[in-house]
Amino acid sequence: MKTKPTFLLILALFLGLTGFVHGQYVYNLPQVADGSGIRTTFVFFNNSTAAANITLSLFDDAGSTMAFNLPGLGSSGVYTFTLQPGHTRFYQSTASGSLVVGSARVASSAPIGVSAIFTLYSGQSILTEAGVGASEAVTRFTIAVDTRESRNTGLAIQNLSPMASVDTTVTFRLFNSAGQALATTTRTMPKFGHLALFVGGEDGLFPDATNFRGQVEVSSTSQVAALTLLQHASGAPLTSLPVVPLAASQTSFNLPQVANGFQAEANIGVKTTFIMFNPGSEPATVSLDLTNANGEAFPVTLDDGQTGSQFTFSLAARATRFVSTNGSGPITTGAARVRSNVPVGVSAIFRLVNGQGAIITETGVGDSPANTRLTLPVDLTSGFNTGVALFNNNGSTASVWFQLIDRNGGIIDQSPEPQAFVVLNQAARYVNEMFPGVTNIQGQLAITSTLPITAVTLRQGSNGSPMTTMPVSPGVTTTETPLGAKAVQKRILGIDVNKDTQLDVRLDPGNELKGTISVALGSTLAPVLARAISTGGEVFPGYLRAPGVGRQRWEYSSYVPNGTYTLQVLVADSQGTDQNGAELPNVSYHVNAQEGIVVTGTTSKDIALSNPTTYTVSGNVQQLLRLPATALDAHSVALLFSSSETGAAALASLNSIGGYSAKLPSGKFRVDLAILLTEGQNQVKSASVLASIGLLTVNGRPLSGVDFSVPELVSIQGQVIQPALPSIPQGAFVVGIDTDAPTPPFLQLPLFPISPGFSFASAGGGQYRLYVQRDQPYDLTAGVPLQSSNQNEVRVWSAPLPGTATEVFTADAIRDFTFSPPLNPFKLTGTVTSAQGAVLEYVLVNAVCNSLDGAANTSFSASVVTGPDGKFELNLAPGTNYSLSFTPSAPPAAGL
């Protein structure tokens with residue numbers, strides 16, 4: 001079997017992904033309370049694809065453990081639980097004792113969404129509540145202050161330093177609205193301690209700061225987390241606002257929800273207050289641009305008399321400006337964009353008022369980062385509703401897809417087609433409007449967009465009060481077909497790279513080939529891979545959707561051009577462990593092929609699967625001591641059975657004395673000895689077929705005593721040398737390809753890539769040792785990955801053993817590789833879009849060249865995945881006749 005060096009890119013991609021280590025994610029909630037009519041609801045939602053082991057710790061003002069009674073978690077003050085992918089939990093304290101106030105710290109093994117709702121009750125009725133999002137660690141920050149009209153501004157601070165040997169000192173400096181410094185004061189905090197205090201008033205930081213607007217600059221001797229609370233004299237409403245780190249460099253802000261106007265029939269109005277403050281030492285010029293839900297100009301009248309949809313404000317150093325719409329005209333909603341020439345702080349307050357101007361409820365709206373995948377918590381219980389406001393601030397139309405997920409990760413419903421948001425388009429909708437008939441649920445709303453959009457969550461009571469905003473988290477946990485998959489892959493040949501080049505690519509639309517995959521009751525089968533293969537042999541990936549709420553069957557979807565296709569579904573029917581109890585791919589795979597499917601538009605083809613008849617084959621592999629000691633000590637040894645007739649395959653790991661057992665259908669199988677380097681349970685780091693050790697025919701009955709023997713092996717060792725490099729990069733490798741080994745028609749196991757006749761060795765520091773079968777012909781090829789400033793870019797040089805095409809090794813040998821590829825690359829950049837012009841994320845861009853300038857017999861390959869803006873950048877070696885491919889793929893959260 002002759003194999004071109006271009007396959008090495010796949011191996012390099014695989015090896016490059018195995019070193020990812022999950023860290024701990026920490027979320028800080030600077031203000032929580034329980035008792036005397038106050039309750040805190042903790043909201044957790046896992047929008048990642050990994051289970052999250054979570055610890056919630058509560059601390060009082062002194063930094064000691066503080067206990068809440070949280071039904072479902074207990075009352076210890078330190079609560080641990082696991083949140084599976086897609087799961088959501090709301091835990092509300094009971095307010096069963098006297099008032100306790102403090103802070104919370106959440107540690108998670110996976111990224112999750114975390115927030116809290118701070119609720120004030122009068123009996124059983126809610127007076128007001130405020131959403132408290134996770135706050136970042138800072139040492140210097142600024143808050144806007146408003147103590148006018150019976151308001152006061154509160155500040156909650158959480159000391160994050162667990163190692164402080166002395167108390168943390170926090171210094172507060174007060175500036176008026178013109179930026180003039182007025183006063184300074186300090187407070188101290190113990191480790192994990194908490195401060196909650198008002199800025200003005202008798203017991204405040206600055207008692208004389210009444211009827212006052214300005215800002216307070218805060219600096220701390222250790223890291224803290226903080227948030228602002230704006231409260232009225234009656235206690236309601238209560239509004240939370242973010243703080244602005246002094247190290248922040250943000251000059252552009254998006255506020256997805258603003259409103260203004262009055263409706264006489266309902267005797268209700270709405271106003272928006274914009275808060276802009278300059279924490280720096282340079283003057284700021286700030287522009288405010290308002291657009292309505294249709295993306296058109298949104299004219300308002302401000303309380304200072306200005307009228308229009310675009311305003312410009314000047315802010316001196318450390319100056320603060322509050323401006324409000326006056327509530328005149330019909331009620332209109334929209335979004336705001338704020339731009340500044342220097343870093344500033346920006347937020348807004350969205351306020352409902354009655355006909356006399358009295359405040360009914362209000363909520364703070366902060367800047368929302370733009371993302372293509374967003375998740376927000378949903379609560380439709382106890383009379384609450386959840387809304388979402390979206391804002392598209394791109395230069396083209398965004399298509400947006402919604403998916404409603406219940407508290408245990410099941411899909412309740414989804415939007416049947418993506419919804420189009422044009423340039424500067426804004427929309428605000430409640431969840432029960434998006435999905436009519438859905439009631440009394442808690443969960444999460446997953447949002448996927450073809451362009452980065454901003455969003456904010458709105459939680460509201462049944463009578464419009466209370467109202468609060470909650471944060472939106474990036475990422476979704478969903479197995480839905482990504483929007484980009486509706487485009488089909490594209491290949492471009494004959495590209496010469498001799499300068500920096502711009503190449504924008506538009507992918508053609510495809511027709512959907514879809515259907516259900518039925519599995520017999522009690523069956524152990526599980527679909528693991530689907531793909532469509534054209535009559536010309538081109539392969540189009542399929543995306544699987546597992547059974548969930550409202551679905552009894554697996555579903556698949558693939559997007560292809562017009563033509564005739566064979567649909568292949570790979571299924572697995574068992575799972576096993578090795579002799580040490582670690583889970584390994586001791587598993588059988590079977591192919592179900594549906595041929596002759598004609599696709600001229602959307603085409604449905606349902607598949608019914610049943611367990612194939614298999615027979616147990618068992619025996620021993622002898623002469624294990626012929627294997628290298630490293631294989632026996634650090635690797636798992638397995639047999640790979642593969643049938644070129646049926647495409648069936650099986651992996652059977654060996655026990656410590658060489659015993660194996662496999663389940664195989666009838667047919668003829670090639671048997672290879674495979675070496676699997678494992679890392680933890682069910683994680684195969686790399687795999688190679690060391691040697692072909694026999695043929696097997698299964699003919700309708702079990703077989704026992706089927707023994708094989710490890711053939712005689714020889715060792716090839718040497719160096720990989722690149723004179724232009726100071727050292728060989730980590731990840732360099734040498735492969736030996738058995739040129740006599742046939743290739744099965746279908747062998748792409750879902751756990752890892754593996755290829756018959758393929759032996760692999762890493763070249764740590766340039767030194768390698770490779771084991772191959774004696775007296776067999778091999779092609780030897782070396783590969784060296786190159787570092788890139790883009791961590792998602794994979795680049796690999798590969799070259800055959802100099803002067804040798806194919807060699808039969810009869811004894812141990814030394815072979816060195818020396819080649820000097822050109823190291824000064826050119827950039828290939830561009831944007832990948834759909835036929836409708838929408839940018840496409842997660843498109844795999846792959847470039848391969850076998851005709852490099854000044855490097856004979858050397859191949860180069862590079863790949864990268866497009867980002868949220870559809871853009872890619874490849875650093876390519878100078879060469880001619882590059883082959884480029886653009887393949888839409890599922891995002892990581894939708895992986896199989």
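The residues of the chain are indexed from 1 along the displayed sequence.
Put simply, the side chain of D496 gets close to the backbone of N881: a donor and an acceptor are under 3.5 Å apart. S558 places a side-chain N or O within 3.5 Å of a backbone atom of P541 that can act as its donor or acceptor partner. A donor-acceptor distance shorter than 3.5 angstrom exists from the side chain of S534 to the backbone of E538, with no hydrogens or angles considered. Side-chain atoms of T866 come within 3.5 Å of backbone atoms of L840 as a donor-acceptor pair (strictly under, hydrogens ignored). No donor-acceptor pair closer than 3.5 Å links the side chain of N294 to the backbone N or O of E296. Judged by distance alone, the side chain of T831 and the main-chain N or O of G870 form no donor-acceptor pair under 3.5 Å. Checked by atom type and distance alone, the side chain of D500 pairs as donor or acceptor with a backbone atom of K827 at under 3.5 Å. Although no hydrogens or angles enter the test, the distance criterion places no donor-acceptor pair under 3.5 Å between the side chain of N46 and the main chain of I112. Between the side chain of D504 and the backbone N or O of G830 there is no donor-acceptor pair closer than 3.5 Å. In this structure, the side chain of Y559 does not engage the main chain of E512 through any donor-acceptor pair within 3.5 Å.
The minimum heavy-atom distance between F391 and N254, with the atom names listed, is CE2-OD1, 3.8 Å. Counting all heavy atoms, side chain and backbone alike, A336 lies closest to V258 at CB-CG1, 4.0 Å. Looking at every heavy atom in both residues, G601 comes nearest to N511 through O-CB, 3.5 Å. Of all the heavy atoms in A487 and L507, the pair that sits closest is CB-CB, 3.7 Å. Heavy atoms only, all atoms of each residue included: P279 and L246 are closest at CB-CD2, 3.6 Å. Shown here for R795 and A862, the closest heavy-atom pair between the two residues is CG-CB, 3.8 Å.
The shortest distance between side-chain heavy atoms of V796 and V784 does not fall below 4.5 Å. With contacts defined as side-chain heavy-atom distances shorter than 4.5 Å, the pair F817/L780 qualifies. Looking only at side-chain heavy atoms (C-beta outward), V845 and L874 come within less than 4.5 Å of each other. Under the 4.5 Å side-chain criterion, counting only non-hydrogen atoms from C-beta, S340 is not in contact with T285. By the 4.5 Å heavy-atom criterion applied to side chains, L374 and V476 are not counted as neighbours. Residues I453 and V400 are in side-chain contact: their nearest non-hydrogen atoms beyond the backbone lie under 4.5 Å apart. Side-chain atoms of P343 and Q250, non-hydrogen and from C-beta on, never get closer than 4.5 Å to each other. A 4.5 Å side-chain heavy-atom check between F45 and V114 finds every atom pair outside the cut-off.
Annotation: salt bridge (charged side-chain N to carboxylate O under 4.0 Å, His left out) contacts of D367 (sequence neighbours excluded): none. Under the side-chain contact (heavy atoms from CB on, under 4.5 Å) criterion, A428 pairs with Q257, A389, Q426, not counting sequence neighbours. Checked against side chain to side chain donor-acceptor pair (under 3.5 Å), T501 has no partners two or more places apart in sequence or in another chain.
Counting only N and O atoms by type, the side chains of S252 and R339 include a donor and acceptor under 3.5 Å apart. Side-chain contact annotation: E793 with N875, donor-acceptor N/O pair under 3.5 Å present. Between the side chains of E873 and T829, not a single donor N or O lies within less than 3.5 Å of an accepting N or O.
No option in L376, T372, V472, N371 other than L376 meets the side chain to side chain contact (heavy atoms under 4.5 Å, CB included) test with I447.
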Derivation of the side chain to side chain donor-acceptor pair (under 3.5 Å) call for S108 and Q24: CA-CA 6 Å; S108 174; Q24 188 179 64; over 6 Å; no
Candidate pair N47 and S473, rule side chain to side chain donor-acceptor pair (under 3.5 Å), full reasoning: CA-CA 8 Å; N47 57 330; S473 294; 4.8 Å; no
Audit row: V865, V843, side chain to side chain contact (heavy atoms under 4.5 Å, CB included) steps and yes/no: CA-CA 5 Å; V865 176; V843 176; over 6 Å; no
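Residue N824 qualifies as open at atom CG: its count of foreign heavy atoms under 6.0 Å is 12 or below.
In this pair, F540 and Y565 present their aromatic rings perpendicular. The plane angle is above 60°, beyond the 30 to 60° band.
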